[in-house]
Amino acid sequence: MKPKNGEPVYKLIHSQEMVQYMWKYSVHKQSTQVPLAIAFDEELDFRILARAVNVEIERNDCMRLRIFREKLRVKQFFLDEYKLDKIQIKKFSSKEEQVAYFDSVASAKLDVFGGEMFRVIFFRTHENKCGIFIVASHIIMDFAAAFMFFKDLMAVYDSLKNNTPMPRPLSKYEDIIIKEQDNPELEERIKREGKLVDEWMAKDRVPFYNAINGPKVLDMQRKLLHKKDMNMPHIYLPVLDSTNLVKCHLSDEDSKKIDGFIKENQLSPEWVIQLGFRIYLSKLNYHTNDTLFWVLCPRRRTVKEKRCGGTLASPMPWREILDDDKSFIDTIRQLSESQIFLFRHSDVPFTDIRQLERDRYGLSLMQTANSMMFSFLPAGENAFGDRKYEFSAYNFGHYVMPVYALTMQEASTGRFVFSYIHRLFLTKDEDVYKFNDGVVRTLLKGVENPDKTIGEILEEI
């Protein structure tokens, strides 16, 4: 789909180029789709909600963004106007039916070059909850943008239903794209910050691949390639990228313990959950103290950026060297300092960091030390006012990395939820369940006695 009415044409910005990179290592474009649903404990008028969606498309310019190829380069433009004539409504008789259906929709490839950048479906659950499902191309939405879509859509719905003024306008994604077009100041800053990230990531040693099912893949490739000292396996295999989605819900009791610890110590849930991941990864991988995986940084610093759609998120290589003699609580503070550093330098594009990694360690195109992508979704309790809601992610069928771990705390129940999209070629469902059980045991050991050292926790789990 190409511009027809003289619309301004833009290059992809760095965060969107990440999506192109993922296409490169997957023959399936579903690997870059964002499928999410939200269900409310109330009766929604789907006719008004359909009107609200078209108002949202008008307000939220990322939903009018379209892409095309020009001389082998992907470029983009914004439609002045776009409307959905009809929105499908589905009714489900069971949770299993709902999951199977939305998984199938999520894994069906969007025709992004034909102008299909998203699909929206309304639904009614077997519990008679009313909800909205969207699957969008990662070119136009990241998780934060998708959550903003739901939040603003419901505010528009309330305005239409109650005949009250519209909520304040959203910021324009186009403004951010324009700001990043051929910006010498930005590119110079990226060069400076890239050097700092490269040095920070190196930590004076070759990083170690930490997999959720232990060193199986690394040991196999060491033997196959006759490289006993190889720390980074070849895992970017474009064809073998089929995935499954495993969801694990913590019990109310365990969630309350972790949540209480977080609130008592005024900590970010992301630091605490991450540390549980890192300690247990260490346990599984020769008790190495070297933990590295990509973490999705939202890159939304200003109010304007937080109130717009589009893709701004950037994966950053978060590497920590755990100290066995340091306490659980002190290591959390170590992670907080690392997060500040990474967020400060998160303008450095994923593609640049990946090239820095390859150059520093002489890696092949398929080789990496990163075993997963980790993301914590801060779905706040008051995001939808007094509404109780259930937020769900679905399986898009294909992915580039071995695992994508999406963690969040349910607003309606307070329970922590861990969703793992994992490559079937590299891990099995049972590997994921075992890993999650180990992470939970680790977290409980730490929050129940935060002065316990990392070494002591490793011995006990």
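You'll find the side chain of Leu322 reaches within 4.5 Å of the side chain of Leu275, heavy atoms only. Counting only heavy atoms from C-beta outward, the side chains of Leu312 and Tyr173 approach each other to under 4.5 Å. You'll find the side chain of Thr413 stays beyond 4.5 Å of the side chain of His249, heavy atoms only. Between Leu170 and Cys308 there is no side-chain heavy-atom pair separated by less than 4.5 Å. Considering only heavy atoms from C-beta on, Phe208 comes within 4.5 Å of Leu218 through its side chain. The shortest distance between side-chain heavy atoms of Leu365 and Tyr236 does not fall below 4.5 Å. Side-chain atoms of Val217 and Phe425, non-hydrogen and from C-beta on, never get closer than 4.5 Å to each other. Put simply, the side chain of Leu65 reaches to within 4.5 Å of the side chain of Ile177, judged on heavy atoms.
Checked by atom type and distance alone, the side chain of Gln33 never pairs as donor or acceptor with a backbone atom of Val135 at under 3.5 Å. Looking only at distances, no side-chain donor or acceptor of Ser137 sits under 3.5 Å from a matching main-chain atom of Met117. Checked by atom type and distance alone, the side chain of Asn210 never pairs as donor or acceptor with a backbone atom of Ser282 at under 3.5 Å. No donor-acceptor pair under 3.5 Å is formed between the side chain of Arg64 and the backbone N or O of Phe78. Panel note: side chain Ser336, backbone Arg333; a donor-acceptor pair is recorded below 3.5 Å. A donor-acceptor distance shorter than 3.5 angstrom exists from the side chain of Asp61 to the backbone of Glu174, with no hydrogens or angles considered. Between the side chain of Glu305 and the backbone N or O of Arg300 there is no donor-acceptor pair closer than 3.5 Å. Side-chain atoms of Asn265 come within 3.5 Å of backbone atoms of Phe261 as a donor-acceptor pair (strictly under, hydrogens ignored). Put simply, the side chain of Arg299 never gets that close to the backbone of Ser15: no donor and acceptor are under 3.5 Å apart. With Lys283 contributing its side chain and Ile461 its backbone, the two residues share a donor-acceptor pair below 3.5 Å.
Exactly one residue among Tyr420, Trp294, Tyr404, Phe277 makes a side chain to side chain contact (heavy atoms under 4.5 Å, CB included) with Met372. That residue is Phe277. Exactly one of His14, Arg354, Met18 qualifies for a side chain to side chain contact (heavy atoms under 4.5 Å, CB included) with Pro349. That residue is His14. The one candidate from Val272, Ile273, Thr407 that meets the side chain to side chain contact (heavy atoms under 4.5 Å, CB included) condition with Phe416 is Ile273.
When only modelled atom types and interatomic distance are considered, Asn395 and Thr243 share a side-chain donor-acceptor pair under 3.5 Å. If you check the side chains of Thr288 and Asp290, you find no donor sitting under 3.5 Å from an acceptor. Side-chain atoms of Gln76 and Gln16 include a donor-acceptor pair closer than 3.5 Å. For Glu180 and Tyr10, the side-chain atoms include no donor-acceptor pair closer than 3.5 Å. Residues Tyr394 and Gln98 have side chains that bring a donor and an acceptor to within less than 3.5 angstrom of each other.
Taking NE2 from His398 and OG from Ser107, the interatomic distance works out to 7.0 Å, rounded to the nearest 0.5 Å. Atom CG in Asp259 sits 13.5 Å away from atom CZ in Arg415 (nearest 0.5 Å). To the nearest 0.5 Å, atoms CE (Met316) and CZ (Phe343) are separated by 9.5 Å. Separating the OG1 atom in Thr442 from the CG atom in Asp437 is a distance of 10.5 Å, to the nearest 0.5 Å.
Using the six-membered ring where Trp is involved, Tyr82 and Phe118 have ring planes that are perpendicular, over 60° apart on the 30 and 60° scheme.
With respect to the salt-bridge test (charged N to carboxylate O, under 4.0 angstrom), the residues Asp175 and Lys304 qualify. Using a cut-off of 4.0 Å between Lys/Arg side-chain N and Asp/Glu carboxylate O, Arg124 and Glu43 are scored as salt-bridged. With respect to Arg59 and Asp152, a salt bridge is recorded, a charged nitrogen being found less than 4.0 Å from a carboxylate O. Salt bridge status for Lys428 with Glu430: absent, with no side-chain N to carboxylate O gap under 4.0 Å. Salt bridge absent: Asp45 and Arg51 never bring a charged side-chain N and a carboxylate O closer than 4.0 Å. With respect to the salt-bridge test (charged N to carboxylate O, under 4.0 angstrom), the residues Lys247 and Glu410 do not qualify. A salt bridge links Lys452 with Glu460: the closest approach of a Lys/Arg side-chain nitrogen to an acidic carboxylate oxygen falls below 4.0 angstrom. Salt bridge status for Lys95 with Glu390: present, with a side-chain N to carboxylate O gap under 4.0 Å.
Geometrically, Arg69 engages Phe113 in a cation-pi contact, judged by NZ or CZ lying under 6.0 Å from the ring centre and within 45° of the ring axis. Both the sub-6.0 Å distance and the 45° axial angle are satisfied by Arg278 relative to the ring of Phe293.
Nearest approach of Leu335 to Trp271, heavy atoms of both residues: CD2-O, 3.5 Å. Heavy-atom minimum distance, Leu443 versus Gly276: CD2-CA, 3.8 Å. Of all the heavy atoms in Leu44 and Cys130, the pair that sits closest is N-SG, 3.6 Å. In this structure, Ala393 and Leu406 approach most closely via the heavy-atom pair CB-CD2, 3.9 Å. Between Ser314 and Val348, the shortest heavy-atom distance links the atoms OG-O, 3.7 Å. Shown here for Val9 and Pro3, the closest heavy-atom pair between the two residues is CG2-CG, 3.8 Å.
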Could you walk me through whether Arg423 and Ile235 pass the side-chain contact (heavy atoms from CB on, under 4.5 Å) check?
-> CA-CA 10 Å; Arg423 290 266 293 273; Ile235 59 168; 5.7 Å; no
With side-chain contact (heavy atoms from CB on, under 4.5 Å) as the test, would you mind laying out the steps for Val112 and Ile139 before giving the verdict?
-> CA-CA 9 Å; Val112 292; Ile139 283 279; over 6 Å; no
Step by step, would you call Asp142 with Val34 a side-chain contact (heavy atoms from CB on, under 4.5 Å)?
-> CA-CA 7 Å; Asp142 53 26; Val34 180; over 6 Å; no
Passes side-chain contact (heavy atoms from CB on, under 4.5 Å), His422 versus Asp431? Steps please.
-> CA-CA 10 Å; His422 69 96; Asp431 294 328; over 6 Å; no
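Under a cut-off of 6.0 angstrom, the local environment of NZ in Lys434 is sparse, with at most 12 non-hydrogen atoms contributed by other residues, nucleotides or ligands. By the neighbour-count criterion of 12 heavy atoms within 6.0 Å, atom CD of Glu58 is sparsely surrounded, having that number or fewer from other residues, nucleotides or ligands.
Note on residues 33-61: pairs passing ring pair (Phe, Tyr, Trp, His ring centres under 6.0 Å), not counting sequence neighbours, are Phe40-Phe384, Phe46-Phe122.
Annotation: Phe374 is not in aromatic contact with Trp318 [ring centroid separation under 6.0 Å not met]. Ring centers of Phe102 and Phe123: under 6.0 Å apart, within the cut-off. Between Phe133 and Tyr101, the ring centre distance reaches or exceeds 6.0 Å.
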